[in-house]
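Okay, structure first, notes after.
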Amino acid sequence: LLFSLVVHLGCRQQREARTGHQRHSGRVEHYKKYGRNFFSRYDYEEVESGAEEMMDHLRKQFADSSFVGSTLKATSSDVSFTVKEADDFSYTDPIDGSVSKNQGLYIKFTDGSRVVFRLSGTGSQGATIRMYVEKYSNNPEEYPRPTAEGLKPLIEVALQLSKLTELTKREKPTVIT
């Protein structure tokens with residue numbers, strides 16, 4: 001198996017040297033044609049306190065009539081996002097039509113970016129907060145960036161808006177995917 005892997009890598013390196021195409025060139029061509037979606041999920045596991053308060057804090061902001069249309073600025077750059085829509089989402093089962101309410105909070109921005117906060121497992125081991133962040137880019141300068149770098153301004157806005165760090169005392173997520 002190891003020998004097969006070495007042969008495969010060697011052949012690929014020879015092919016790349018011969019053609020000038022690197023392994024990710026297909027991905028870059030795809031981005032040039034369609035743009036790039038940056039996506040990541042931040043999991044904060046076993047949060048002992050502050051999770052419900054964070055969700056309540058977000059709900060209060062969503063209820064303010066001035067929230068939709070407001071502009072939220074990243075902390076480390078001049079990048080900003082204008083709120084298009086924000087709400088508590090529900091899920092309708094396509095089979096039986098049952099509705100599960102309060103499945104999480106979402107914020108959609110005018111540029112198509114979005115942030116979702118979901119809370120689960122508020123039992124004896126603490127809660128898990130999942131923060132999903134997604135941003136579309138049609139800027140070729142952003143295509144080669146690592147996901148964390150491409151999403152940095154949106155993550156900053158999400159953390160600032162939610163007060164996640166302040167309310168949960170969590171400086172960083174347990175898992176990033």
Side-chain angles (χ1 to χ4, degrees), residues 26-27 30-31 33-72 74 79-138 142-143 145-177:
R27 186 173 8 151
H30 176 85
Y31 296 159
K33 186 173 182 178
Y34 300 105
R36 179 174 177 192
N37 281 303
F38 291 89
F39 174 83
S40 191
R41 185 181 88 190
Y42 280 45
D43 291 355
Y44 296 82
E45 299 173 341
E46 298 182 7
V47 175
E48 296 300 326
S49 64
E52 288 284 354
E53 291 83 354
M54 183 202 75
M55 298 297 276
D56 290 341
H57 169 73
L58 286 166
R59 282 187 186 96
K60 285 177 188 170
Q61 291 185 81
F62 291 6
D64 185 330
S65 62
S66 67
F67 185 66
V68 171
S70 66
T71 300
L72 309 174
V79 176
S80 61
F81 301 88
T82 302
V83 178
K84 178 180 180 180
E85 181 182 338
D87 206 352
D88 217 324
F89 68 88
S90 58
Y91 171 76
T92 303
D93 188 291
I95 305 299
D96 66 12
S98 62
V99 178
S100 299
K101 294 185 177 186
N102 303 318
Q103 294 298 301
L105 301 173
Y106 71 88
I107 307 153
K108 292 181 182 177
F109 298 95
T110 56
D111 71 347
S113 298
R114 61 186 172 166
V115 176
V116 175
F117 291 92
R118 295 197 70 202
L119 182 60
S120 63
T122 56
S124 61
Q125 295 296 314
T128 296
I129 299 169
R130 288 196 171 91
M131 180 178 80
Y132 303 82
V133 287
E134 180 179 17
K135 182 187 99 160
Y136 171 78
S137 175
N138 61 2
E142 291 187 350
Y143 299 161
R145 291 184 183 164
T147 299
E149 185 180 324
L151 289 172
K152 185 178 180 182
L154 186 59
I155 292 166
E156 291 173 352
V157 163
L159 292 173
Q160 180 180 347
L161 176 67
S162 68
K163 295 188 175 182
L164 190 149
T165 303
E166 177 184 325
L167 294 171
T168 66
K169 309 296 186 240
R170 291 295 189 91
E171 295 295 321
K172 60 183 182 175
T174 313
V175 179
I176 300 174
T177 53

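Since we're looking at a predicted model, the values are computed, not measured.
The distance from atom CG of Asn37 to atom OH of Tyr31, rounded to the nearest 0.5 Å, is 9.0 Å. Remark: Asp43 CG to Ile176 CD1 distance equals 9.5 Å, nearest 0.5 Å. Atom-to-atom distance recorded for Arg130:CZ and Thr174:OG1 is 10.0 Å, nearest 0.5 angstrom. Atom CG in Leu161 sits 9.5 Å away from atom CE in Met54 (nearest 0.5 Å). Note that NZ of Lys84 and OG of Ser70 are 14.5 Å apart. Values are rounded to the nearest 0.5 Å.
Ion pair Arg59/Asp88 flagged as a salt bridge, since at least one NZ, NE, NH1 or NH2 atom sits closer than 4.0 Å to an Asp/Glu carboxylate oxygen. Salt bridge present: Glu142 and Lys135 bring a charged side-chain N and a carboxylate O closer than 4.0 Å.
Contact check for Phe38 versus Arg36: side-chain heavy atoms found under the 4.5 Å cut-off. For the pair Pro153 and Phe81, the minimum side-chain heavy-atom distance is below 4.5 Å. Looking at Thr165 and Glu171, their side chains come closer than 4.5 Å, going by heavy atoms from C-beta outward. Within the 4.5 Å cutoff, the side chain of Phe117 has heavy atoms near those of the Met55 side chain. Within the 4.5 Å cutoff, the side chain of Glu85 has no heavy atoms near those of the Phe62 side chain.
Ala158 and Met131 get closest at one heavy-atom pair: CB-SD, 3.7 Å. Of all heavy-atom pairs spanning Phe109 and Val115, the tightest one is CE1-CG2, 4.0 Å. Across Thr168 and Ala51, no two heavy atoms sit closer than the pair CG2-N, 4.1 Å. Between Thr92 and Gly97 the shortest heavy-atom distance is CG2-O, 3.9 Å.
Between the side chains of Thr128 and Ser120, no donor-acceptor pair of N or O atoms lies under 3.5 Å. Counting only N and O atoms by type, the side chains of Gln61 and His57 include a donor and acceptor under 3.5 Å apart.
Counting non-hydrogen atoms of other residues, nucleotides and ligands closer than 6.0 Å to CZ of Arg114 gives a total of 12 or fewer.
Relative to the six-membered ring of Tyr106, Lys108 meets both conditions, a distance below 6.0 Å and an angle of at most 45° to the axis.
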